[in-house]
Amino acid sequence: MTYADSAGAARKPTLAVVGATGAVGTVMLGILSERKDVWGEIRLIASPRSAGKKLTVRGEQVEVVALSEEAFEGVDVAMFDVPDEVSAQWAPVAAAKGAVAVDNSGAFRMDPEVPLVVPEVNAHAARVRPRGIISNPNCTTLSMIVAMGALHAEFGLSELIVSSYQAVSGSGKEGVDTLREQIAAVAGTELGTHPGDVRRAVGGGLGPYPAPIAYNVVPFAGSLKDDGWTSEELKVRNESRKILGLPGLRVTATCVRVPVITTHSLTVHARFENEVTVAKAHEILSTAPGVVLCDNPAEGEFPTPADVVGTDPTWVGRVRRSMDDPNALELFVCGDNLRKGAALNTAQIAEVVAAELTGVS
Ligand SMILES: NC(=O)c1ccc[n+]([C@@H]2O[C@H](COP(=O)([O-])OP(=O)(O)OC[C@H]3O[C@@H](n4cnc5c(N)ncnc54)[C@H](OP(=O)(O)O)[C@@H]3O)[C@@H](O)[C@H]2O)c1
């Protein structure tokens with residue numbers, strides 16, 4: 001495919017956003033409007049339900065078209081922000097039409113022929129894509145992996161033990177609606193002082209969660225898999241290994257849902273091949289692309305979801321050397337699950353592909 005028009009002028013690649021009307025798609029249109037504009041046409045695609053609807057991207061109104069084979073005509077890069085089964089069916093169709101598909105769903109993440117890419121960590125992997133598909137990791141892994149990749153490059157990672165504190169927008173619109181409704185039901189009451197009082201107040205309105213999420217934490221995210229692990233916990237393990245290129249990395253995760261709208265947090269115990277110091281870790285984290293170090297607890301400075309939401313970087317604080325292990329660090333990490341955890345990383349991957357296709361970086 002040539003990236004020059006008949007007069008020899010450079011042609012910018014055509015981008016399709018599949019799922020432009022969804023939670024991630026909406027954030028994506030904002031991100032595409034803010035970032036350096038590397039795209040020619042941006043085509044917006046969703047289900048037939050949304051066809052004809054007009055959405056704003058780069059300050060212009062663009063009409064949404066229904067997903068079909070023809071919708072990929074002339075498309076160079078197609079982002080998929082749609083449910084797993086829609087990606088599973090349509091990303092290969094886009095690839096067969098000559099587009100590079102960048103998929104945000106879970107459909108292809110562990111496919112050995114599909115790279116799983118975080119540009120700050122393994123941008124090179126995006127070039128090897130036998131199926132014409134590149135996968136975007138899940139939001140929990142993405143919330144910590146940029147910081148972990150930077151520390152791994154210096155110290156050599158050997159083990160991760162993490163606990164997540166996951167926001168409800170990670171469960172889509174239904175999760176956000178559920179938390180808002182439950183908070184409305186308990187706000188201004190004395191609830192939260194007796195066993196079951198919050199549960200009785202929210203009644204049947206548990207939404208996508210197995211327990212109340214207002215005034216509570218729920219030690220279960222995703223679906224139940226073998227031996228008591230959840231799908232989210234297995235994703236953190238499997239995806240961290242694949243992104244870092246460490247198939248034997250020891251990873252243990254406990255994933256917990258908390259009453260936060262957007263921005264996932266994690267506590268991380270990271271063990272390395274080499275001895276660590278907080279000073280060196282600070283130096284690495286304060287210079288790593290995509291990471292902000294916010295670590296001055298004496299002044300009350302550490303990242304929290306309420307301060308991080310709506311921002312792009314991975315925020316790191318509470319960096320300590322483990323008291324019983326000179327090779328291990330303890331950290332607290334926050335990242336916006338809808339930005340770096342979803343739309344932003346997909347946009348960055350698409351930009352890596354655009355640079356490769358056009359030879360312009
Ligand atoms: N929420 C997060 O934090 C997060 C983070 C990382 C990854 N993800 C992944 O990103 C994907 C999108 O998630 P979301 O939260 O944005 O979901 P969502 O709000 O439910 O949006 C789904 C999108 O997919 C479209 N769609 C659904 N069925 C379709 C079909 N049959 N044909 C064409 N388009 C169809 C919808 O179009 P209509 O509006 O026309 O129905 C809508 O644009 C999912 O795979 C999710 O797992 C989400």
Ignoring hydrogens and geometry beyond distance, is a side-chain donor-acceptor pair present between [X] and [Y] at under 3.5 Å?
| X | Y | answer |
| --- | --- | --- |
| Q61 | T56 | yes |
| D103 | S135 | no |
| N138 | T141 | yes |
| N337 | S169 | yes |

Determine whether [X] and [Y] make a side-chain contact, defined as any pair of heavy atoms from C-beta on separated by less than 4.5 Å.
| X | Y | value |
| --- | --- | --- |
| R58 | W39 | yes |
| I42 | V62 | no |
| P115 | R127 | no |
| V77 | L357 | yes |
| C139 | H264 | yes |
| L15 | L32 | yes |
| L157 | L246 | yes |
| Q166 | V256 | no |

OG1 on T277 to CG on N274, rounded to 0.5 Å: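 OG1 of T277 is found 11.5 Å from CG of N274.
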
Value rounded to 0.5 Å, distance of CD in E239 from CG in N136: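 One gets 9.0 Å once the value is rounded to the nearest 0.5 Å.
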
P303 backbone acceptor or donor facing D307 side chain under 3.5 Å: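 Absent.
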
Donor-acceptor under 3.5 Å (N345 side chain, V118 main chain):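 The answer is no, because no donor-acceptor pair under 3.5 Å joins these two groups.
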
Heavy-atom closest contact (T311 atom, R339 atom, distance):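 Nearest heavy atoms, T311 then R339: O-CD, 3.7 Å.
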
Given R35, K12, K36, the one that forms salt bridge (Lys or Arg N to Asp or Glu O under 4.0 Å) with E351: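 Of all the options given, the one that passes is R35.
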
Salt-bridge criterion met for R271 and E159 (N-O under 4.0 Å):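 Between E159 and R271 there is no salt bridge, as every charged N stays at least 4.0 Å from the carboxylate O atoms.
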
Single-linkage hydrophobic cluster, 4.5 Å side-chain cutoff, L266 and L160 together: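 Yes; L160 is reachable from L266 via cluster members.
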
